[in-house]
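I have placed the structure first, in the form of structure tokens, so that the comments after it can refer back to it.
Just so it is clear, the model here is predicted, and its values are computed rather than measured.
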Amino acid sequence: MNRTRAHVVFVLIILLCSALPLSAEEAGLVIRSPLFGPQVKASTSVENLEVQSFSAQLGLLAQPPVYNEEQRLLSAVSNGSYPVTPGDAFRLVYLDGMKSVTVDLQVDESSNVAIPGLGSIDGKGKTFAQVRKAIYDMVRTYYSYSNPQLVFIRTGSFMVSVVGEVVGTRVVPAWGLTRLSEVLQNATPYASTRNVRIRHADGSEEAFDLYKALREGVLEQDPLLRSGDVITLDRCEKLVMLSGRVYEQGSYQLLKSDRLEDLLTTYGGGLLSSADVQNIRIQRYNPESGAWYVQYVNLLEQPDYALSHLDQVIVDAQQPTLQTVTVEGAVSSSEVYDSLSTTALVGYPSGRIFYQYYPGESMKQMLTSLASRFLTVSDLEGAYLLRSGKKIPLNIQRILYGEDENQSMQLETGDTLLIPFTQRLVTVSGGVVRPGVFAYVPDKTVNYYLSLAGGLSDDAAYPTDIKIQGPDGKTLALEENIPPETTIAVAKETLARDIAPTVAIIGLVSSILGIIATVVNIILDSKSL
């Protein structure tokens, strides 16, 4: 018994220790009161951050996957965009009167497909599906009822050259579905990922951004290669290392227009809640002196700070303090969240700021420091403060720009200031394709919001049953304009859903009874023998 109790206690301790770091990572922006003054930090220590490899910068595999001939063939046939490649082999079967004709075809170095006795098809820049149709049309021109069939029997291959910022110039084998990113394993860490040039056999040249392709999903920036391509990798122009309290540490190649805030939010994925945003450490190399030096940048004051090639950016942890006020709701904390998140796409996302206040600091002093963080949809007149379980209404507008009795209220540890949104919403639920919350638009009927939700889903009840409940709880008619804070519920068809479990249960019970009856009959038969 004592051993069991000890095991239970041990498990509870592990769960508690696991939960503590999770709560510590709660998303929020930490801002220190300006009353503390500038924080002087020693700038003598320099961390040694290593540059990631070219593959690691793009999230590539160390070695690309290798496909055998059967896998290539299946991929080529199933991929509608497979380009006809020199060396591809097809088998053409058609009827010449009552006689069956079988011909093996091959794509030559000019991407032409010659059909004996009929002519040739130019396959340059065409997919397998397009060439197959052209071959069928040619055969039917000469043999009306030939019923032609084309079978893909072997994929071709070719060589591409990779030159420039590489560990030795290489000639790399490729085939019709080889993409640009698959042949760059010999690139150095300083090769550009943002401007990879391809010179084609016809003399034309294109440039591609592999970071957009592999990190942002723009597949057009990672094209299929063609026979005779020469790939040139230039040296990167602005390579920056990022470390510390960010979601995605690593080496990033920035565009000329990218600044410090872009590095932290777009490339680094945002800051963790304990990040010291007012003291971003930047280690910069001075080629004249041959030494590194350190400086600190306040992200809140200098979000457009320009970075240089080979800068090392380190986001240190904020010094802990017990004197903190939480500000939540309609405030901007864009440095710590992804601008493409689900919440961000539905109007303005809710923000959270942990404000480290100076002893004796007043409410007006804090609000003045955070004034630039308020949004156009912040309800400054409807804000309230939670203190020791009590709700204290605050008119932030009057505190900042007029006279209010709460101006001199001193901040206390544990205070939470909540700022509501003025943005009005309409909720759509039930039998629709995309149920959710949508921004209110004046003078719109229920059909407008149903279209925003993607229309009725397959499981919507028929005939359609729509219930519209206004903000006051009263039911509205279908033809009425929808007011803000309305709830629209589309009934779902529940008959099939309710019957299905019942039928399944009946079938299961019947099967069990049948098994029992069979067993009983076997027992009775054995006794009668």
Side-chain angles (χ1 to χ4, degrees), residues 64-161 171-184 198-206 208 210 213-214 217-231:
V66 179
Y67 303 101
N68 57 36
E69 179 55 38
E70 182 180 0
Q71 292 171 327
R72 285 189 179 187
L73 192 59
L74 292 174
S75 298
V77 173
S78 62
N79 193 321
S81 61
Y82 176 82
V84 170
T85 304
D88 285 349
F90 315 125
R91 180 163 293 155
L92 174 63
V93 181
Y94 63 93
L95 293 176
D96 181 2
M98 300 298 293
K99 182 178 65 174
S100 177
V101 179
T102 301
V103 182
D104 285 348
L105 310 176
Q106 189 167 18
V107 183
D108 64 19
E109 68 280 359
S110 301
S111 297
N112 290 323
V113 183
I115 307 174
L118 299 181
S120 64
I121 301 296
D122 183 9
K124 185 176 295 183
K126 295 180 181 178
T127 65
F128 169 65
Q130 293 171 330
V131 169
R132 179 176 56 189
K133 182 180 182 303
I135 292 175
Y136 285 173
D137 292 341
M138 177 175 286
V139 174
R140 290 192 182 104
T141 300
Y142 292 92
Y143 305 98
S144 300
Y145 301 99
S146 56
N147 190 27
Q149 299 294 322
L150 188 69
V151 181
F152 206 143
I153 59 176
R154 188 177 64 252
T155 59
S157 62
F158 53 90
M159 308 297 285
V160 296
S161 301
V171 178
V172 185
W175 66 295
L177 292 180
T178 299
R179 293 193 176 274
L180 173 61
S181 60
E182 298 179 43
V183 299
L184 303 178
I198 301 179
R199 189 175 71 252
H200 302 296
D202 59 3
S204 62
E205 187 171 295
E206 296 179 274
F208 299 94
L210 283 179
L214 301 176
V218 185
L219 193 59
E220 295 79 9
Q221 295 295 321
D222 189 14
L224 296 173
L225 298 177
R226 296 183 293 189
S227 177
D229 282 350
V230 177
I231 302 163

N/O donor-acceptor pair under 3.5 Å between [X] side chain and [Y] backbone:
{"X": "D108", "Y": "S111", "answer": "yes"}
{"X": "Y145", "Y": "D96", "answer": "no"}
{"X": "Q221", "Y": "V218", "answer": "no"}

| said: Restricting to side chain to side chain donor-acceptor pair (under 3.5 Å), what partner residues turn up for D202, sequence neighbours left out? | reply: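 Expected list: S204.
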| request: In sequence, state the C-alpha distance, the side-chain angles, and the governing distance for R154 and L73, and then conclude on side-chain contact (heavy atoms from CB on, under 4.5 Å). | output: CA-CA 6 Å; R154 188 177 64 252; L73 192 59; 5.7 Å; no
For [X] and [Y], work out which heavy atoms get closest and say how close.
{"X": "N79", "Y": "S81", "result": "OD1-OG, 2.6 Å"}
{"X": "S78", "Y": "L74", "result": "OG-O, 2.9 Å"}
{"X": "V160", "Y": "V183", "result": "CG2-CG1, 4.4 Å"}
{"X": "V139", "Y": "P148", "result": "CG1-CB, 4.0 Å"}
{"X": "L224", "Y": "P83", "result": "CD1-CD, 4.0 Å"}
{"X": "V66", "Y": "Q71", "result": "O-OE1, 4.1 Å"}

Let me confirm one number: the [atom1]-[atom2] distance from [X] to [Y], rounded to the nearest 0.5 Å.
{"X": "E182", "Y": "L177", "atom1": "CD", "atom2": "CG", "value": "9.0 Å"}
{"X": "T178", "Y": "Y67", "atom1": "OG1", "atom2": "OH", "value": "9.0 Å"}
{"X": "I121", "Y": "L118", "atom1": "CD1", "atom2": "CG", "value": "9.0 Å"}
{"X": "S100", "Y": "L95", "atom1": "OG", "atom2": "CG", "value": "6.0 Å"}
{"X": "L210", "Y": "R179", "atom1": "CG", "atom2": "CZ", "value": "11.5 Å"}
{"X": "Q149", "Y": "L92", "atom1": "CD", "atom2": "CG", "value": "9.0 Å"}

| Test salt bridge (charged side-chain N to carboxylate O under 4.0 Å, His left out) applied to E220 - qualifying residues, sequence neighbours left out |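 E220 satisfies salt bridge (charged side-chain N to carboxylate O under 4.0 Å, His left out) with no residue once adjacent residues are dropped.
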| Selection residues 91-129 - residue pairs positive for ring-ring contact (aromatic ring centres under 6.0 Å, His included), sequence neighbours left out |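 Only F90-F128, Y94-Y143, F128-F152 qualify under ring-ring contact (aromatic ring centres under 6.0 Å, His included).
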Please list all pairs passing the salt bridge (charged side-chain N to carboxylate O under 4.0 Å, His left out) test where one or both residues lie in [range], with sequence neighbours left out.
{"range": "residues 142-152", "answer": "none"}
{"range": "residues 120-138", "answer": "K133-D137"}
{"range": "residues 67-85", "answer": "none"}

Side chains of [X] and [Y] in contact at under 4.5 Å (non-hydrogen atoms):
{"X": "E206", "Y": "H200", "result": "yes"}
{"X": "P173", "Y": "S157", "result": "no"}
{"X": "P223", "Y": "F208", "result": "yes"}
{"X": "I115", "Y": "M138", "result": "yes"}
{"X": "L105", "Y": "P116", "result": "yes"}
{"X": "V101", "Y": "V93", "result": "no"}
{"X": "L225", "Y": "I198", "result": "yes"}
{"X": "T85", "Y": "T155", "result": "no"}

| task | Could you give me the CA-CA distance, side-chain angles and deciding distance for R91 and T102, then say whether side-chain contact (heavy atoms from CB on, under 4.5 Å) is met? | result | CA-CA 7 Å; R91 180 163 293 155; T102 301; 3.8 Å; yes
| D88-Y82 side chain donor-acceptor pair, cut-off 3.5 Å |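 Side-chain D/A pair, D88 to Y82: present.
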| request: Say whether S181 and D222, considering side chains only, have a donor N or O and an acceptor N or O under 3.5 Å apart. | output: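 There is such a pair (donor and acceptor under 3.5 Å, judged by atom type) between the side chains of S181 and D222.
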| message | Could you go through V107 and N112, starting from their C-alpha distance and side-chain angles, then the distance that decides it, and tell me whether this counts as side-chain contact (heavy atoms from CB on, under 4.5 Å)? | response | CA-CA 6 Å; V107 183; N112 290 323; over 6 Å; no
